[in-house]
Amino acid sequence: AQSVAQPEDQVNVAEGNPLTVKCTYSVSGNPYLFWYVQYPNRGLQFLLKYITGDNLVKGSYGFEAEFNKSQTSFHLKKPSALVSDSALYFCAVRDGAAGNKLTFGGGTRVLVKP
Amino acid sequence: NAGVTQTPKFRVLKTGQSMTLLCAQDMNHEYMYWYRQDPGMGLRLIHYSVGEGTTAKGEVPDGYNVSRLKKQNFLLGLESAAPSQTSVYFCASSYSWERTDTQYFGPGTRLTVL
């Protein structure tokens, strides 16, 4: 069975500093990895995904994520955080045998302080 | 192009009451999904549909029924609501069943069962 872990419930960062949100996964086949962001009282918005190829994936709003197969990780990063990046971030995985069913992590709340 | 919409946005029910949540998408997507979001647990798949007239069980289907009479609509029903069904419900859709395809989410319905 596939699973996702987001080890941090909350990440606090000062505006302008680098932001990292951690995600590790477990799948039986090839992993397909996704990051979504949820702003207050809104639905989930797609940020980026890793399917194959380059381990560094660039997405929306200046976010990027690095796929590391040996560490089974897919950490989300942003070089310089903005106050408007404060939101709930979800990592999700789909493996080669699970069709289009996504398994989500528990979410990490990011708070960017001015 | 509204994307994925959900009605209602909020609802309060008493134990034992019934209700239907409506999801609509205007992207001509074949596949639709219902998730529930609970604190610290990410999103869990309730039911999904791979096309008009078809439905299938997800991870947590008990207490819910669904119908997909039209391609653009996916209904989630609670026949006899229980406090354990207090949650935020999200609908999503995708173009295909391909593992690489992105799911697009609606804004959510916040349901409280007293």
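In what follows, chains carry the letters A, B, and so on, assigned in the order in which the sequence lines appear, proteins first and then strands, with residues in each chain numbered from 1. In what follows, every heavy atom counts, from backbone to side chain, and hydrogens, waters and symmetry copies are set aside.
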Practice item. Indicate, with yes or no, if B/Leu75 and B/Tyr48 share a hydrophobic cluster defined by side-chain heavy-atom contacts under 4.5 Å among Ile, Leu, Val, Met, Phe, Trp and Tyr. Key: no
Point to revise | Path from B/Tyr31 to A/Phe46 over hydrophobic side-chain contacts below 4.5 Å | key: yes
Check your understanding: What part of A/Gln38 is in contact with chain B, defined as an atom under 4.5 angstrom from a non-hydrogen atom: side chain, backbone, both or neither?
Key -> side chain
Review point. Given that the side chain runs from C-beta out, which part of B/Leu45 has a heavy atom under 4.5 Å from chain A: side chain, backbone, both or neither?
Key: side chain
Check your understanding: Do A/Trp35 and A/Val37 belong together in a cluster built from hydrophobic side chains that touch within less than 4.5 Å?
Key -> yes
Practice item. Say whether A/Val110 and A/Leu76 are linked into one hydrophobic cluster, either directly or through other cluster members, by side-chain heavy-atom distances under 4.5 angstrom. Key: yes
**Study point:** Residue of the set B/Tyr35, B/Phe105, B/Tyr104 for which side-chain contact (heavy atoms from CB on, under 4.5 Å) holds with A/Leu44
**Key:** B/Phe105
Check your understanding: How many angstroms lie between atom CG of A/Leu102 and atom OG1 of B/Thr102, to the nearest 0.5 angstrom?
Key -> 9.0 Å
**Study point:** Flag side-chain contact, heavy atom, 4.5 Å: A/Tyr36 against B/Gln103
**Key:** yes
Exercise for review: Using a cut-off of 6.0 Å, state whether more than 12 heavy atoms not belonging to B/Arg44 lie near its atom CZ.
Suggested key: yes
Review point. What part of B/Glu59 lies closer than 4.5 angstrom to a heavy atom of chain A: side chain, backbone, both or neither?
Key: neither
